[in-house]
Amino acid sequence: QSADDSSELLLEQAAPKAVSSELIQREVARRRTFGIISHPDAGKTTLTEKLLMFSGAIQLAGTVKARKSGRHATSDWMEIEKQRGISVASSVMQFEYRDHVVNLLDTPGHQDFSEDTYRVLTAVDSALMVIDAAKGVEEQTIKLLNVCRMRNTPIITFVNKMDRETRDPLELLDELESVLKIQCAPVTWPIGMGKTFRGVYHILKDEIMLFAAGSERADQQFEVLKGIDNPRLAELFPLEIEQLKMEIELVQGASHPFELDAFLAGTQTPVFFGSAINNFGVREILNALLDWAPAPRERDATVRSVLPTEVPFSGFVFKIQANMDPAHRDRIAFLRVCSGHFERGMKLKHLRLNREIRVSSVVAFMASSREQVEEAYAGDIIGLPNHGNMQIGDSFSEGEFLQFTGIPYFAPDFFRTARILNPMKTKQLQKGLQQLGEEGAVQVFKPTNSGDLVLGAVGVLQFEVVASRLKNEYGVDAVFEGTSISSARWVTCEDKKIMADFERSSAGHNLAHDAAGNLAYLATSGVNLRLTQERWPDVVFHATREHA
Ligand code: G4P
């Protein structure tokens with residue numbers, strides 16, 4: 001059934017079926033929702049594809065790859081839009097494996113869309129971090145890990161491309177620990193690398209899995225030898241075996257043994273070595289996700305925290321994406337279910353608007369298609385049609401006022417002012433910017449002492465997307481111009497009088513309201529920001545803010 005059969009749906013609607021709390025508990029326990037993160041080119045797409053192939057969700061290699069969204073930066077907005085459109089279907093993928101329901105959330109690789117990426121991470125219960133063994137920790141990895149840290153998200157690490165010349169594995173672990181400030185617990189250890197990559201030793205199982213290159217089949221089984229003292233091992237690799245034993249001894253002495261609790265607390269990451277393109281080490285990752293990664297967890301809301309096993313439905317929107325059908329202005333709001341049971345045709349309360357809505361044509365995201373949602377449980381991601389009344393961070397429930405917290409907005413690094421070519425279109429420009437701002441496509445600031453809107457973005461590509469969407473969706477031709485602003489910080493102060501003084505001072509000329517009405521300081525340089533902070537020690541300058 002297609003996602004657009006909403007009329008038929010409404011006719012079919014019956015009263016929601018009562019779902020027992022035991023059923024909900026069972027369904028929650030078998031769910032795993034994780035995000036896959038990496039610096040571009042480390043092998044995220046390849047690994048995603050292999051995970052889907054192992055689970056049987058897709059049969060052919062190349063399916064995900066073909067839909068991969070803008071890996072190499074292009075300034076051609078048409079291309080960006082097209083790629084982003086295609087990636088709607090592939091950014092959330094649900095599949096079953098070993099009687100578990102796995103929700104895999106992709107994160108846009110291009111750093112210009114990193115704000116989207118960051119918010120995707122608020123919707124997951126664990127993350128899979130892919131590292132290129134030749135490159136080690138890269139810039140995006142650091143940023144993404146810092147976001148995971150905000151919620152202590154448990155992280156599994158996959159060191160990829162061992163079939164190539166790589167850095168020394170011990171040195172890599174050292175770098176992971178010192179740069180990312182996370183304890184590493186190697187679970188598998190590589191034997192050789194590049195042309196002499198022989199396989200991995202599974203430290204916990206005391207098994208050696210032998211590497212064989214070039215495997216496009218999902219059911220590829222690698223030969224496994226039991227025990228590091230297995231004589232066959234010495235026969236096979238007379239040159240490497242002593243070295244391996246020495247290394248294992250060293251690793252076991254110098255690194256941390258795997259501890260489930262430390263992993264769940266987000267302070268330790270189990271590390272696996274492998275080669276995604278050769279299917280090698282992928283099954284171990286999938287098993288680690290099912291065996292160790294947490295099922296949906298409790299979530300904080302403003303009034304209380306919410307257990308995933310509670311019977312009433314609740315959830316929040318973490319991402320909004322334009323539907324790419326140019327004939328419609330529809331957008332899809334990605335909602336993470338936090339508790340209870342969602343059923344097709346159900347009525348939901350939109351808490352910010354304090355309004356009940358009946359959502360028809362809600363979609364689920366399968367590995368290779370979008371399908372009509374029949375039902376969903378905590379951990380699942382469902383797509384609600386959004387006609388402009390949903391924002392990132394909006395919460396939905398069956399009636400209780402539960403505003404979920406922890407959905408961040410990041411202080412933008414790039415700023416532009418918008419100027420329109422046709423002054424008659426000022427209203428459309430403002431409406432367009434307001435809606436795109438609510439959607440999170442760009443941040444919109446209204447300076448307190450001028451009428452020009454200032455746009456802020458985490459990556460410059462965002463401006464191009466916004467310009468193209470203003471044109472296509474709002475009929476506004478706008479040009480963006482550089483500004484003297486170099487950074488923004490949301491400002492708060494517990495002391496109302498000090499805040500009022502601050503607003504009246506010369507610093508007040510740099511204040512602006514964002515789309516949600518929060519006050520922000522727009523600094524003209526790093527020095528300007530520092531001096532202002534020094535001058536106003538009681539005012540807090542925030543680099544992130546929460547959904548209003
Ligand atoms: P990304 O999503 O993290 O950006 O990375 P992606 O999977 O696209 O992988 C980036 C490149 O690394 C690709 O090569 C991919 O084939 C290669 N790769 C992934 N896993 C491995 C591995 O285990 N070993 C080796 N040797 N290479 C790997 P490309 O040349 O950029 O693309 P393509 O021409 O192969 O499609």
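Read the numbers this way: they start at 1 and go in the same order the structure lists the ligands and their atoms. Note: hydrogens, waters and symmetry copies are ignored here, and every other heavy atom, side chains too, is used.
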Any nitrogen or oxygen of Gly43, side chain or backbone, less than 3.5 Å from one on ligand 1? yes
Compute the shortest N/O to N/O distance between Ala42 and ligand 1 and return yes if it is under 3.5 Å, no if not. yes
Taking distance alone, with no angle check, do Asn160 and ligand 1 share an N/O pair under 3.5 Å? yes
Geometric class of the Phe280/Phe222 ring pair [parallel <30°, tilted 30-60°, perpendicular >60°]: perpendicular
Salt-bridge present (Asp41, Lys161; N to O < 4.0 Å): no
Evaluate the salt bridge (Lys or Arg N to Asp or Glu O under 4.0 Å) criterion for residues Arg32 and Asp291: first the C-alpha distance (whole Å), next the side-chain angles of each, then the deciding distance (0.1 Å), finally the verdict. CA-CA 10 Å; Arg32 298 288 182 274; Asp291 295 337; over 6 Å; no
Which ligand 1 atoms, with their elements, are less than 4.0 angstrom from a heavy-atom of Pro40? 4 (O)
Point-to-point distance, once rounded to the nearest 0.5 Å, from CG of Asn103 to CG of Asp380: 4.5 Å
Between Ser275 and ligand 1, which residue portion shows a heavy-atom distance shorter than 4.0 Å: side chain, backbone, both, or neither? both
Numbered atoms of ligand 1 (with element) below 4.0 Å of Ser38, judged on heavy atoms: 3 (O)
Select one of side chain, backbone, both or neither to describe which atoms of Arg164 lie under 4.0 Å from any atom of ligand 1, heavy atoms only. side chain
Anything under 3.5 Å between a donor and an acceptor, one on a side chain of residues 192-199, the other on a protein residue two or more places apart or in another chain? List them.
from: Thr196; atom 1: OG1; to: Met193; atom 2: O; distance (Å): 3.0
from: Arg198; atom 1: NE; to: Glu240; atom 2: OE2; distance (Å): 2.8
from: Arg198; atom 1: NH2; to: Glu240; atom 2: OE2; distance (Å): 3.1

Are the side chain of Thr544 and the backbone N or O of Tyr409 linked by a donor-acceptor pair below 3.5 Å? no
Determine the interplanar angle of the Phe404 and Phe316 rings, folded into 0 to 90°, and report it as parallel if under 30°, tilted if 30 to 60°, perpendicular if over 60°. tilted
Examine the proximity of ligand 1 to Asp163 and report which part, side chain or backbone, both or neither, has a heavy atom under 4.0 Å away. side chain
Taking the minimum heavy-atom distance to atom 4 (O) of ligand 1, which of Ile37, Ile277, Asp41, Asp106 ranks first? Asp41
